[in-house]
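The next block holds one structure in the form of structure tokens; read it before the comments.
Just so it is clear, the values below take in all heavy atoms, side chains as well, and ignore hydrogens, waters and symmetry mates.
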Amino acid sequence: MVSSAVRRPSRQLGGTALALLAVLAPGVCLPALAQQQPERTLAATQSPISLDAARRLLAQGDAAAASGNLAEARRQFDLARDYCRRLLGFYRDLSGSFRGLDARIPREMDQKGRQALELLAQTNLRLAALFRRQNEPEVAVPLLVEVVKVMTPATEEGRKAYQMLLEIGFVTTPYTAGQAAGTP
């Protein structure tokens, strides 16, 4: 019994000393962890939670459409569209959470959000072209309207989307992009 009574205080003392050492000098206890940089797993991999993943899907969809595999192209474009929508939500949420606390983070998230929005618009344009190619222009209309809405007619994507709406007959007034109304 004497030996176990003697061991307990030394265990407690040893545990307390280690805890204090870890708090006061974290580099001493865990030198390997303290010197490592945080891993940027999502940036280094082909994670579905990245703009690069959406770009890859868009390129794969383009390749499938070029080879005539429209079903695969649609699947890839739909996935890219889904990735872009998720990213937009994540970037907006983070931007809003840091507003007023650290201006750098909302700026970064807003910039990434604009990139995701442009990629979404490009994806919608490709999907709309695919639906037109399959003689389903009515399915293309919501995609094109979304592009005009989120990108505005002042952008290249917005003008392309409106032009496609004009070509399929959903709208009848051409957008003259800065020319006076009624000028030929």
(message) Suppose we screen for side-chain hydrogen bond (donor to acceptor under 3.5 Å, both in side chains). Which residues come up paired with Arg114, at least two apart in sequence or across chains?
(response) none

(request) Output all residues satisfying side-chain hydrogen bond (donor to acceptor under 3.5 Å, both in side chains) with Arg107, sequence neighbours left out; order by chain, then residue number. (result) none

(message) Tell me whether Ser95 contacts the main-chain N or O of Tyr91 through its side chain, where contact means a donor paired with an acceptor under 3.5 Å.
(response) no

(request) Quick one: do Asp110 and Arg99 satisfy side-chain contact (heavy atoms from CB on, under 4.5 Å)? Show the steps, please. (result) CA-CA 11 Å; Asp110 292 348; Arg99 290 229 186 271; 2.8 Å; yes

(message) Can you confirm whether Pro153 sits close enough to Tyr175 that some side-chain heavy atom of one is under 4.5 Å from a side-chain heavy atom of the other?
(response) yes

(request) Under the salt bridge (Lys or Arg N to Asp or Glu O under 4.0 Å) rule, collect the residues that match up with Arg86, sequence neighbours excluded. (result) Asp82

(message) For Leu51 versus Leu87, what's the shortest heavy-atom pair and its separation?
(response) N-CD1, 3.7 Å

(request) Enumerate the residue pairs fulfilling side-chain hydrogen bond (donor to acceptor under 3.5 Å, both in side chains) with a member in residues 58-73, sequence neighbours excluded, ordered by first and then second residue. (result) Asp62-Arg126, Glu72-Arg75, Glu72-Gln76

(request) Please assess Arg74 against Asp78 for the test salt bridge (Lys or Arg N to Asp or Glu O under 4.0 Å), listing each intermediate value before the final yes or no. (result) CA-CA 6 Å; Arg74 180 177 179 182; Asp78 282 339; 3.6 Å; yes

Distance-only donor-acceptor hits, side chain of residues 132-144, under 3.5 Å, sequence neighbours excluded:
unit_1, atom_1, unit_2, atom_2, d
Arg132, NH1, Glu167, OE1, 2.9
Arg132, NH2, Glu167, OE1, 3.2
Arg133, NH1, Ala65, O, 3.2

(request) With sequence neighbours excluded, tell me which residues meet side-chain contact (heavy atoms from CB on, under 4.5 Å) with Glu157. (result) Ala121, Gln122, Leu125, Val147, Met151, Thr155

(message) Going by side-chain contact (heavy atoms from CB on, under 4.5 Å), name the residues that satisfy it together with Ile105, two or more places apart in sequence or in a different chain.
(response) Phe98, Asp102, Met109

(message) Suppose clustering is done on Ile, Leu, Val, Met, Phe, Trp and Tyr with side-chain heavy atoms closer than 4.5 Å. Which residues sit in the same group as Leu57?
(response) Leu79, Tyr83

(request) Can you see which heavy atom on Val148 is nearest to which on Ala161, and at what distance? (result) CG2-CB, 3.7 Å

(message) To the nearest 0.5 Å, what is the distance between CG on Leu117 and SG on Cys84?
(response) 9.0 Å

(message) Less than 4.5 Å apart, side chain to side chain, heavy atoms only: is that true for Val145 and Tyr162?
(response) no

(request) Indicate yes or no: does Lys112 engage Glu108 in a salt bridge with an N to O separation below 4.0 Å. (result) yes

(message) Tell me the closest heavy-atom pair linking Pro174 and Thr172, and the distance in Å.
(response) CD-O, 3.4 Å

(request) Using the test side-chain hydrogen bond (donor to acceptor under 3.5 Å, both in side chains), find all partners of Arg159 that sit at least two apart in sequence or belong to another chain. (result) none

(request) Looking only at non-hydrogen atoms, find the nearest pair between Ala80 and Leu58 and report the distance. (result) CB-N, 4.2 Å

(request) Would you give the length of the straight line joining atom CG of Leu127 to atom CG of Leu120, rounded to the nearest 0.5 angstrom? (result) 9.5 Å

(message) Glu156: which residues meet the side-chain hydrogen bond (donor to acceptor under 3.5 Å, both in side chains) condition with it, sequence neighbours left out?
(response) Lys160

(message) On a heavy-atom basis, which atom in Ala73 and which in Gly61 lie closest, and how many Å separate them?
(response) CB-O, 3.4 Å

(message) Considering only residues two or more places apart or on different chains, which pairs with a residue in residues 139-149 satisfy salt bridge (charged side-chain N to carboxylate O under 4.0 Å, His left out)?
(response) Arg81-Glu146, Arg85-Glu146

